[in-house]
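Worksheet: one structure, shown below.
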Amino acid sequence: MKNFALIALILMLSIITGCSWLNSDGEDGSEKSGEDEYTELYFYEKIQRSLNAKNWSVAITNLQLLESQFPFGKYAEQSQLELIYAQYMSTDYASSIISAERFISLHPQHPNVDYAFYVKGLCELSQNSRLLSGYIASDSSKRDIGSARGAFATFGELLSKFPNSPYAPDARQRLINLRNQLARSEINVANYYFSRGALVAAANRGQYVVENFQQSPAVADGLAVMAQAYHMMGKQSLADNAVEVLATNYPDYPLLDENNQFEYDNRMLYPSNWLLHKLIPSLVTQTKPPAFDTRVLYNKITQQDR
């Protein structure tokens with residue numbers, strides 16, 4: 001009988017000790033019941049502690065787990081937004097874009113869907129900005145601009161659908177910078193086409209800038225590209241039209257003389273050996289394709305854009 005009482009006492013102490021161990025929460029010392037550890041609220045509170053501690057990997061894992069366990073729960077939509085944020089902060093831009101697109105598709109009328117657009121745009125912009133960064137100083141308009149185009153479209157959609165969004169002012173400024181970068185990229189391509197003798201392609205790039213990026217500082221170079229390309233193709237009336245628009249809107253353009261005539265040849269002749277060129281010009285005269293870049297004159301953010 002005594003042995004039975006002793007065994008019962010030991011079992012009771014074991015149960016009490018085990019319950020005490022289950023109740024402890026290793027992250028903040030607070031106590032939760034074993035049942036509470038599996039509730040949606042408990043998951044969400046743990047996630048908030050991870051986010052506040054900037055422990056992005058743990059937060060991401062738990063956010064994904066929360067959604068899988070409680071797909072229609074009270075915190076489901078908020079956790080999807082926080083997953084977008086955590087993935088962005090962890091520099092997993094591709095995953096954040098996917099999560100943002102999924103949220104936009106599932107919850108197009110959500111009061112915070114503008115946030116999903118905004119972070120998606122930031123991710124696309126970050127993908128573009130970090131190309132070559134940390135290796136060499138580079139002109140951002142000469143990088144792969146695929147993600148820049150994506151960011152331009154995303155921020156444009158954000159402003160179109162949510163003009164009064166709290167993220168609209170920042171998105172608008174980023175859109176301006178992206179517009180200038182994309183326009184300059186078109187001029188870079190036009191300069192390349194000149195070097196390959198693809199005059200029609202160069203003219204088309206210049207025209208595209210003039211028609212689609214009207215507020216960009218690159219419009220002046222776009223008109224110059226058109227004038228130069230049409231002149232070289234023998235389409236002088238079209239060249240004259242481009243020069244007239246250039247002189248009207250940009251009278252101080254470097255290749256316009258005092259009579260507003262475009263100096264076509266000044267950008268084409270380039271003797272690589274000036275001394276030998278002076279002595280025997282017929283032997284060493286070389287032609288350098290036209291190339292246009294007047295950011296120093298027209299772009300107020302030149303130093304930031306280069």
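Computed from heavy atoms alone, side chains included, the values below leave out hydrogens, waters and symmetry copies. In what follows, residues are counted from 1 in the order of the sequence shown.
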Would you please classify the geometry between the H107 ring and the H110 ring as parallel, tilted or perpendicular, with 30° and 60° separating the classes?
-> perpendicular
State which residues pass side-chain hydrogen bond (donor to acceptor under 3.5 Å, both in side chains) with E101; sequence neighbours excluded, sorted by chain then number.
-> K120
Could you pull out all residues at least two apart from F152 that satisfy ring pair (Phe, Tyr, Trp, His ring centres under 6.0 Å)?
-> none
Ring pair (Phe, Tyr, Trp, His ring centres under 6.0 Å): pairs with one or both residues in residues 199-222, sequence neighbours excluded | Y208-F213
Output all residues satisfying salt bridge (Lys or Arg N to Asp or Glu O under 4.0 Å) with K161, sequence neighbours left out; order by chain, then residue number.
-> E157
Any residue meeting salt bridge (Lys or Arg N to Asp or Glu O under 4.0 Å) with E77, in chain and number order, not counting sequence neighbours | none
Partners passing side-chain hydrogen bond (donor to acceptor under 3.5 Å, both in side chains) against R174 (at least two apart in sequence or in another chain) | D170
Apart from Y192 itself, which Ile, Leu, Val, Met, Phe, Trp or Tyr residues share its cluster (side-chain heavy atoms under 4.5 Å, direct or through members)?
-> V189, Y193
For residues 217-227, which side-chain donor-acceptor pairs fall under 3.5 Å, sequence neighbours excluded?
from : atom 1 : to   : atom 2 : distance (Å)
D221 : OD1    : Y253 : OH     : 2.6
D221 : OD1    : T294 : OG1    : 3.0
D221 : OD2    : R184 : NH1    : 3.1
D221 : OD2    : R184 : NH2    : 2.9
D221 : OD2    : T294 : N      : 2.9
D221 : OD2    : T294 : OG1    : 3.2

Only counting residues at least two apart or in another chain, list the ones meeting side-chain hydrogen bond (donor to acceptor under 3.5 Å, both in side chains) with E258.
-> none
side-chain hydrogen bond (donor to acceptor under 3.5 Å, both in side chains) partners of R172, counting only residues at least two apart | none
Of all residues at least two apart in sequence or in a different chain, which pass the ring pair (Phe, Tyr, Trp, His ring centres under 6.0 Å) check with Y118?
-> Y167
Taking only residues two or more places apart in sequence or in another chain, which ones pass ring pair (Phe, Tyr, Trp, His ring centres under 6.0 Å) with Y44?
-> Y75
